[in-house]
Novice: 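Let me begin by handing over the structure; questions about it come next.
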Number of protein chains: 2
Amino acid sequence: MELFATQGFAATTVPEIAARAGLTTRTFFRYFADKREVIFAGDEIPQLARDYLASAPAGVAPMRLIVDGLSRVAAERFAGRRQEVAPVRRLVLADEQLRERDARKRADLTAAVRDGFNRRGIPPSEAAVLAETAVALWHVALEQWLSGPDDVPLPTVIAECYAQLRSAVLEAGPVPP
Amino acid sequence: MELFATQGFAATTVPEIAARAGLTTRTFFRYFADKREVIFAGDEIPQLARDYLASAPAGVAPMRLIVDGLSRVAAERFAGRRQEVAPVRRLVLADEQLRERDARKRADLTAAVRDGFNRRGIPPSEAAVLAETAVALWHVALEQWLSGPDDVPLPTVIAECYAQLRSAVLEAGPVPP
DNA sequence: AGTCATGATGACACTCCATGTCATGGAGTG
DNA sequence: CACTCCATGACATGGAGTGTCATCATGACT
């Protein structure tokens, strides 16, 4: 992180990182699949999503499960950590390769949520729509939370985003026949 | 595409591609920023989205704009081309690097749609939610269309996906206060 | 026809990422 | 004390991607 902060991600080589950590390049690649993973390794959110969807009571409306689940993850893993998450996020957004890897991680999370809904007996097509919606809400809320003032809790932002989605759907009405 | 079909994407080197095309490796990289772009280059959909949102009449409900716009792009650019798009999609889904690039292209499209809504005067936060929803619907519908039978038109799948989103939101109701 | 600018391509060298392979050494175990 | 196991180092290699200069075809202008 020190090297990235001073030189940027792209300009920092793996040998540099390894040397700073007192290791060889080869050992670096034994811990991280590639250079980008050094930022993203150890992401537990997909597993959290699976666990939450597996343990939630049956019969709850899926979209309610989503808003509840997002708020819970927000409260458990992000509350009070905004000042610590924001710099990493800035680093990711500043580099094309990292944005790309971030997009892949997002796809991984979507797959986890879709899988979680499938295991709850929701048919694949609907599960896909729900998973995409969940992750979309999550990302918009996170981005907004990180770029906004420090005194707004993430669950509040999530609720606002969902409210916007809901009103957009209500305003548009059903699909024309 | 011939090389990718027989060897897979990862096992095909840029010198191989260049030689098959009668060019040098250096020239390949003058046309494509990297090896992955050879699959994705020339994607016009983000620009289509911008144009559509710029030219659509004012006052239309944004979510209606989305469903209409997606159906239009589907009809204009994908109607009858399912047999031609599906193999490329399979190639992308079979390779990790290509899935990653695909995720980035999706993010690019999201940015274009968000921008389009912003230019229509929709506030940033709402525009972000709308853009994410639009691209989510698009991807789910496209995936479902490509994996399903050949006689279902893409606009129909889009309408079904939106209907699922709408009923999920209606079922869940407003956010708890 | 001759000259010149332009742009595309080839040729070459180079750095960095990523991986396969074997050697080494230290921590436990009997 | 020998032995196994595992992490790391050392080394070699190949492929991606880029900078730089030379070459050559094209077309405009005189």
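Basis for what follows: all heavy atoms, side chains included, without hydrogens, waters or symmetry-related copies. All values reported here derive from a predicted model rather than from experimental measurement. Residue numbers begin at 1 in each chain, while the letters A, B, ... track the order of the sequences.
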Novice: Between E100(B) (CD) and dC17(C) (P), how many Å, whole number?
Specialist: 16 Å
Novice: Taking salt bridge (Lys or Arg N to Asp or Glu O under 4.0 Å) as the criterion, tell me which of K105(A), R104(A), R106(A) meets it with E100(B).
Specialist: R104(A)
Novice: Identify whether any heavy atom of Y31(B) sits under 4.0 Å from a base atom; if not, whether one sits that close to sugar-phosphate; answer base, sugar-phosphate or nothing.
Specialist: sugar-phosphate
Novice: Would you please test W138(B) and Y162(B) for ring pair (Phe, Tyr, Trp, His ring centres under 6.0 Å) and show each step?
Specialist: CA-CA 10 Å; W138(B) 175 251; Y162(B) 172 67; over 10 Å; no
Novice: Go through the steps to decide whether S125(A) and E160(B) satisfy the test side chain to side chain donor-acceptor pair (under 3.5 Å), and finish with yes or no.
Specialist: CA-CA 9 Å; S125(A) 151; E160(B) 287 170 2; over 6 Å; no
Novice: Rounded to whole Å, how long is the line connecting atom CD of E37(A) with atom P of dT19(C)?
Specialist: 12 Å
Novice: Consider the side chain of R26(B), meaning its heavy atoms from C-beta on, and name the nucleotide among dC17(C), dA16(D), dG19(D) that approaches it most closely.
Specialist: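 For the R26(B) side chain, the nearest candidate turns out to be dG19(D).
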Novice: So, R119(A) and D115(A), do they make that salt bridge, N to O below 4.0 Å?
Specialist: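 A salt bridge is present here (some side-chain N lies under 4.0 Å from a carboxylate O).
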Novice: Would you indicate, yes or no, if dG9(D) has its OP1 or OP2 atom less than 4.0 angstrom from a side-chain nitrogen or oxygen of T24(A)?
Specialist: yes
Novice: What is the distance from CD of Q97(A) to C1' of dA16(D), rounded to the nearest Å?
Specialist: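 Rounded to the whole Å, the gap is 11 Å.
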Novice: Measure the distance from CZ on F29(B) to P on dT9(C) and round it to the nearest whole Å.
Specialist: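 After rounding, the gap between these two atoms is 15 Å.
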Novice: Whole angstrom is fine here: how far is it from CD in Q7(B) over to P in dG15(D)?
Specialist: 11 Å
Novice: Select from G22(B) and F28(A) the residue whose nearest nucleotide in DNA chain C is closer to the 5' end of that strand.
Specialist: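 The residue mapped nearer the 5' terminus is G22(B).
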Novice: Check the interface with nucleotides 21-27 of chain D: list each N/O to N/O pair with the protein under 3.5 Å, or write none.
Specialist:
none

Novice: So, W145(A) side chain and P153(A) main chain: donor-acceptor pair closer than 3.5 Å or not?
Specialist: no
Novice: In whole Å, I'd like the distance from the CD atom of E96(A) to the C1' atom of dG17(D).
Specialist: 15 Å
Novice: Can you confirm if the NZ or CZ of K35(A) lies within 45° of the ring axis of F9(A) and under 6.0 Å from the centre of its six-membered ring?
Specialist: yes
Novice: Under a 4.0 Å N-O cut-off, is there an ion pair linking E84(A) with R89(A)?
Specialist: no
Novice: For the pair made of CG in D95(B) and C1' in dA16(D), what is the distance, rounded to whole Å?
Specialist: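 In whole Å, dA16(D) C1' lies 14 Å from D95(B) CG.
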Novice: What's the closest nucleotide to the V14(A) side chain, out of dA16(D), dC17(C), dG10(C)?
Specialist: dC17(C)
Novice: Return the value, rounded to whole Å, for the distance between atom CZ of R101(B) and atom P of dA16(D).
Specialist: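 Going from CZ in R101(B) over to P in dA16(D) covers 14 Å.
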Novice: Using purine N1 to pyrimidine N3 plus N6-O4 or O6-N4 for Watson-Crick, or N1-O2 and O6-N3 for G-U wobble, each under 3.5 Å, what pairs with dG30(C)?
Specialist: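 With both distances under 3.5 Å, dG30(C) matches dC1(D).
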